[in-house]
Amino acid sequence: MSEGELPRREATVLKGHEGAVLAARFNGDGNYCLSCGKDRTIRLWNPHRGTHIKTYKSHGREVRDVHVTPDNSKLISCGGDRQIFLWDVTTGKVIRKFRGHDSEVNAVKFNEYSSVVVSAGYDQSLRAWDCRSHSPEPIQIVDTFSDSVMSVCLTKTEMIGGSVDGTVRTFDIRIGREICDDLGQPVNCISLSNDGNCILASCLDSTLRLLDRSTGELLQEYKGHTCKSYKLDCCLTNSDAHVVGGSEDGYIYFWDLVDASVLSRFRAHAAVVTSVSYHPKDSCMITASVDSTIRVWRT
Amino acid sequence: MDMDEEDFVFYGTPIEREEELTSRKKKAVAEASGHLRTLAPWKQEVRDEEGRRRFHGAFTGGYSAGYYNTVGSKEGWTPQSFTSSRKNRAEVKQQSILNFLDDDEKDELEGRTLATSSQFDTFGFTAAELARKQAEKEQQQSVLAPRYGIRNPQIALELWPSVIPGPVPDELVVPATESIDARREARKAFLAFSSNDAKSSVADTEPDEDPKSNLHHLVNNDVKSSRSTPVYVLNPKQDLYGLGYDPYKHAPEFREKKKSRLSGKPEPGNRKALSFKESLFGFKSGKAAPGFGIGALEEYDVEDEDVYDTAYDFEDAQVQDDEEPSGPSVVDHKKRLQWKDPGVLPGFRVATKADYQTERFDPPVIPKDFVPRHTFVTPLDVEKKHAIPPPPEVPPPEDNNLKLLIEGVASLVARCGKLFEDLSREKNQSNPLFSFLNGGNGHDYYARKLWDEQQKRTDQKKLALDGKSSTTVDKMTAESRGKILGERPLDRSSRDSRSSAGSADATLQFNLSDTFTKSESFSELPEVAKPFKDDPAKQERFERFLKEKYQGGLRSTDSGGASNMSEAARARERLDFEAAAEAIEKGKSKENKPFSLQLLELSASGGMQFTSGGIEQGKTAPTEDLVMKEPYPKRQEFQWRPSPILCKRFDLIDPYMGKPPPPPRIRSKMDSLIFTSDSIKPTKLEETVVPRRIQQSSALEVSEDVADREIDVEVPIENVERPVDLYKAIFSDDSDDEIEETSIKKVEDQEKTVEVAHTTLNRLMAGDFLESLGKELGIEVPPDLPYSVNNAKPSGPLKETAISSASNVNILPVEGNSFSSSDVQCVTSSKQGVAYQQEIIKGDAVKPIKGNAPSGSGKYNELPTSENKSTEAFMEKTAQGNMKAKSPPTRVQERSSDSLSEDERRRKRSRRRRYSSSDSHSDSSSDGRDRYNSRSEGRKGSSRDKRSSKRHSKHRKHGSRDSPGRSSRHSSKRGHSEAKRERRKWRD
């Protein structure tokens with residue numbers, strides 16, 4: 001993919017959030033996207049038409065992360081009110097609330113079957129919640145982290161958490177092992193490559209690090225952007241050819257995966273780019289920012 | 001029901017069944033019947049027909065709203081009676097709002113009604129006079145106005161000078177003592193003004209009145225109207241709220257804001273100044289997250305601060321927009337719309353014509369003959385060309401082969417240097433074909449060709465060099481520089497000695513390259529560099545480690561090599577190795593210090609430090625850096641136990657299925673000590689009780705088991721203080737198993753016990769080894785292994801206790817349902833044991849009597865009785881044969897087809913067992929103890945099998961002779977313990 005194919009053209013601006021947008025995520029097929037922000041709402045958009053579809057309100061404080069099931073039927077969201085809400089997408093009602101985190105919840109994800117929700121909290125724990133039973137208790141608490149867990153990723157058999165203590169811990173359920181990769185720098189956000197072999201970890205020393213999951217080797221470092229104090233998302237493009245990340249100065253950076261050169265950088269927002277999400281198939285990207293907008297980018 | 005009832009004839013009314021009435025209803029009924037009515041009203045509870053108390057809400061009265069849930073009052077709520085007679089006319093009662101207000105509401109209203117208070121009358125007696133004056137004036141005006149034919153009161157006002165311009169508060173706010181006439185006149189004037197406002201004053205009277213004066217009049221009129229109409233009209237109602245509703249009642253800040261916006265639409269900067277943020281909540285940063293407040297019951301804290309600090313002023317006016325869509329805010333809207341335009345500062349409009357224009361300088365004009373590449377006046381290689389004068393051009397020799405050969409050699413020599421020429425000349429001295437090298441045929445051509453080639457090569461190099469040096473000057477290496485200067489590089493052989501030369505540059509390079517490959521330097525370690533001579537296994541591992549470290553390539557997962565080593569031990573060892581390797585390296589580079597000494601130093605200083613000696617500090621700086629950088633990312637692995645339900649939800653098989661829950665992470669030894677207290681007590685009690693019973697029961701038996709077990713009995717009593725985890729390892733296993741037991745029917749397989757015993761031994765030995773190893777290294781063996789718990793304890797007693805307690809567990813069922821404990825498995829299995837016993841009795845007692853044995857099981861039971869005197873060998877065979885056949889009658893359900901051969905299955909199991917770590921310890925140990933003879937006999941499954949069957953048959957013989965009951969009991973015990981073993985095994 002050459003530079004020309006990178007989604008650099010602003011196609012749509014999604015406006016509606018009142019205040020910082022903290023996360024924007026495509027849904028499973030990339031037809032819709034979800035955003036959440038400091039205005040305590042979760043919003044569902046059609047990024048391709050630029051339309052706002054629905055607003056979900058119930059959180060008592062800012063909503064920090066949102067994720068949708070593969071069948072688009074349910075949402076999970078978490079936020080500063082220490083709660084995790086399971087929503088019905090169509091009715092917009094909260095189906096369940098998971099309480100138990102002692103502090104703010106930073107990230108949340110469904111597993112593959114949407115049966116378990118794993119949340120990462122400021123209370124240094126990962127918690128797994130059962131969506132099928134009605135037990136209010138988490139079915140698993142992982143508290144081996146020594147600082148706030150910022151981000152969580154799930155595979156079919158593993159839970160991966162990135163923490164401010166500088167570790168990326170992989171919990172393999174299948175073999176019952178915890179693999180701890182210490183990066184030495186606070187990890188802000190982790191994201192899996194599409195082939196599942198690598199983890200991209202955004203560290204607070206303004207560096208994205210690419211780790212080989214099987215060996216724990218550091219494959220590449222991506223620098224150039226600013227990421228020193230905020231939780232900024234990063235991700236790989238759907239072809240795993242490039243690395244995308246936001247910057248605190250409102251820029252978006254594209255790196256080449258292999259040689260880590262900055263292929264492109266452009267100003268996308270007026271303020272901190274909190275979140276980037278790449279379309280699962282097309283060359284399309286959404287970015288969210290503190291300036292309360294979500295922008296859709298295309299080639 | 002109806003259909004049923006049709007068949008019967010009923011007389012009378014059925015008595016309502018008492019039970020059908022809920023207690024609530026009963027109460028309600030009782031109340032209704034007046035039972036409670038006698039109570040004082042404040043004691044009565046108001047209930048609905050279902051007997052429920054009605055809850056009105058926590059803040060709206062709780063259970064009693066209004067007057068005991070009525071609209072009444074203490075006085076009751078009786079309609080007024082109306083009486084009116086001719087003499088005594090009923091007055092028409094004026095209802096006022098005060099009639100309907102509570103006292104507190106009245107209080108609330110108190111401050112809001114417009115009334116003059118006596119307090120206000122500062123003039124005291126002059127007030128009356130003032131009022132009179134005022135009245136006079138009024139009169140005057142009302143006379144004047146019509147006289148001049150002025151319908152517009154503005155004129156009248158102008159004629160009435162005193163009130164208008166300055167604030168004359170005293171006169172303005174005196175108590176209104178106007179005559180009705182005056183009031184009426186004022187009213188008229190006001191109406192006229194308002195109509196004037198609507199149409200225009202032009203249509204009215206004065207056509208010459210210019211708008212300016214009109215404005216003036218308007219202002220005047222304002223004052224006038226303020227005088228003649230109630231004061232509140234000063235704030236004309238412009239919103240859509242209900243009358244009297246003040247949305248800003250408790251939030252005056254907003255009122256300020258709104259007012260400032262309404263009046264004159266000030267610059268938006270004002271809004272910020274009046275922003276509620278500052279006035280309401282004082283932040284250190286003075287900034288809350290934009291756009292929203294927090295809940296009523298929450299307080300602002302750090303989290304609500306605007307961490308993003310964007311100074312992004314969100315339009316907080318938007319909310320208020322909805323409140324007043326009318327009138328004056330139209331302009332406002334427009335303005336705000338402008339603000340919303342991206343890129344435009346709020347309140348500012350982009351100028352259509354910019355005053356200031358950035359000065360632009362045109363790029364300099366490039367002369368037409370400019371060449372954008374610098375050419376040197378004299379080419380760089382000029383000297384070189386001059387240094388070697390080109391040989392004369394010679395025509396190639398006729399022989400085409402020779403020509404090719406010469407050309408080939410020339411190019412080779414040009415590429416490889418003079419050395420090659422010399423070499424080939426030496427080699428091919430006798431070869432006539434190469435005579436051109438020695439000045440023979442075609443030498444001229446060769447010389448020319450060689451020169452050509454060399455020229456070509458230097459050109460190429462120069463080109464490459466040009467490219468390089470043009471990008472960065474630094475890239476110029478010594479070699480290239482030498483080449484440029486025409487220096488002859490040193491021979492290759494001398495390069496190897498570079499590292500020993502010891503220049504700073506060289507060492508750096510040396511160290512750098514070392515991290516990648518250092519095969520030669522470490523492939524064969526000198527004898528002195530064997531730090532772990534005393535432990536050959538460790539030394540081997542160390543060597544492997546070195547190899548892996550310096551040769552690169554793929555690393556085997558268990559780099560520690562020893563699979564039986566714990567994670568921590570391995571890590572520890574690795575650290576040791578690392579330190580040792582570095583020490584060796586240092587020793588090599590320094591060469592002046594014997595390695596062993598260094599190592600000693602190293603180990604003395606803790607054996608873990610990477611920079612041990614102080615001497616080498618300066619030199620090893622680069623290596624240190626490498627060491628410091630290297631750890632990231634570093635990888636560690638731990639045991640982690642996913643909860644079973646998590647595995648289920650992820651659709652995975654629980655890797656720890658059937659294994660005891662992990663012991664709590666041992667933070668310190670103190671923790672584990674503390675935990676040992678209360679949870680043990682029940683089990684301890686049982687234990688002490690149970691063995692005694694066993695003693696009693698086993699006293700009856702003449703078998704050698706007795707003595708053995710009695711020894712066991714002593715042990716647990718002695719070892720009272722044991723860490724709780726061991727108990728868990730033993731007991732919770734069972735309880736876990738019990739659950740599964742019910743769900744899955746297990747196949748009984750006797751021979752497996754052998755395997756179990758076998759593995760037990762191994763495990764115990766391995767455990768000892770591990771533990772001692774751990775002790776040696778001074779670290780804890782990780783908690784996933786059961787041995788870790790007993791770190792502090794000597795291994796001997798541990799084994800014993802484990803075994804003894806386990807054996808106790810196995811023995812317990814003999815007693816039947818004698819005790820209940822936390823150990824569910826034991827209880828249930830004891831029940832089973834009873835059942836089994838009964839069956840055995842049946843088999844033993846009944847069948848032999850019948851003497852008829854059509855089934856295999858019968859045969860088994862018969863055989864020992866009928867052929868008492870037969871040989872051992874025969875007995876063994878039959879018994880063995882019957883082993884399989886025996887179980888169907890006793891354990892029909894659990895028995896399944898033995899399609900796998902015993903050996904096969906055993907192998908499988910053992911393999912599985914190896915994977916399972918901790919739980920197997922407990923049961924296997926129990927097996928081992930229980931089957932003491934199996935252990936003594938060795939690990940041969942078959943022999944063990946025979947033996948057990950032999951024993952079995954022996955007992956049977958015994959039983960048939962003396963008392964069948966006892967033998968059956970014995971067998972039942974055996975059977976039970978076997979069954980138990982089976983269950984355990986299957987769980988693994």
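Letters A, B, ... are given to chains in the order of the sequence lines, protein chains preceding strands, and every chain is numbered from 1.
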Closest non-hydrogen atom pair between A:G176 and B:P642, with its separation = CA-CD, 4.0 Å
Given that the side chain runs from C-beta out, which part of A:E217 has a heavy atom under 4.5 Å from chain B: side chain, backbone, both or neither?
-> backbone
Output the option from A:S133, A:C180, A:S115, A:C131 having the highest count of non-hydrogen pairs under 4.5 Å with chain B.
-> A:C180
Mark yes when over 12 heavy atoms from residues, nucleotides or ligands other than B:I653 sit less than 6.0 Å from its CD1; otherwise mark no.
-> no
Residue pair A:T144, B:F638: steps toward the side-chain contact (heavy atoms from CB on, under 4.5 Å) verdict = CA-CA 10 Å; A:T144 55; B:F638 306 102; over 6 Å; no
Which region of A:T293, side chain (C-beta onward) or backbone (N, CA, C, O), has a non-hydrogen atom less than 4.5 Å from a non-hydrogen atom of chain B, or is it both or neither?
-> neither
A:K74 atom NZ: more than 12 heavy-atom contacts under 6.0 Å | no
Near A:R96 CZ, under 6.0 Å, is it more than 12 heavy atoms from other residues, nucleotides or ligands?
-> yes
CD of A:Q140 to CZ of B:R641, rounded to nearest 0.5 Å, is 9.5 Å
Ranking A:R213, A:Q185, A:E112 by heavy-atom pairs under 4.5 Å to chain B gives rank one to A:R213
Quick one: pull up CZ in B:R635 and OG1 in A:T167 and give me the separation to the nearest 0.5 Å.
-> 12.0 Å
Taking atom CD1 of A:I173 and atom OH of B:Y656, what is their separation to the nearest 0.5 Å?
-> 12.0 Å
Please report the closest heavy-atom contact between A:V142 and B:W640, naming both atoms and the distance.
-> CG2-NE1, 3.7 Å
Distance col, row B:K634:NZ vs A:L183:CG, nearest 0.5 angstrom, shows 11.0 Å
How about A:R177 and B:Q639: do any of their side-chain heavy atoms sit closer than 4.5 Å?
-> yes
One should read off an interatomic distance between B:E637 CD and A:T170 OG1, to the nearest 0.5 angstrom, of 9.5 Å
Which answer fits A:F171, side chain, backbone, both or neither, if we ask what part of it has an atom under 4.5 Å from a heavy atom of chain B?
-> both
Just wondering, more than 12 heavy atoms not from A:Y122 lying within 6.0 Å of its OH?
-> no
Please state whether the side chain, the backbone, both or neither of B:L646 comes within less than 4.5 Å of a heavy atom of chain A.
-> both
Tell me, side chain or backbone of A:R169 under 4.5 Å from chain B's heavy atoms, or both, or neither?
-> side chain
Side chain to side chain contact (heavy atoms under 4.5 Å, CB included) partner of B:F650, chosen from A:T155, A:T157, A:N111 | A:N111
Residue part contacting chain B, namely of A:D212, when any heavy atom lies under 4.5 Å | backbone
CZ-CD1 distance between B:R649 and A:I139, expressed to the nearest 0.5 angstrom = 6.5 Å
The interface call for A:I141 against chain B, heavy-atom contacts under 4.5 Å, is neither
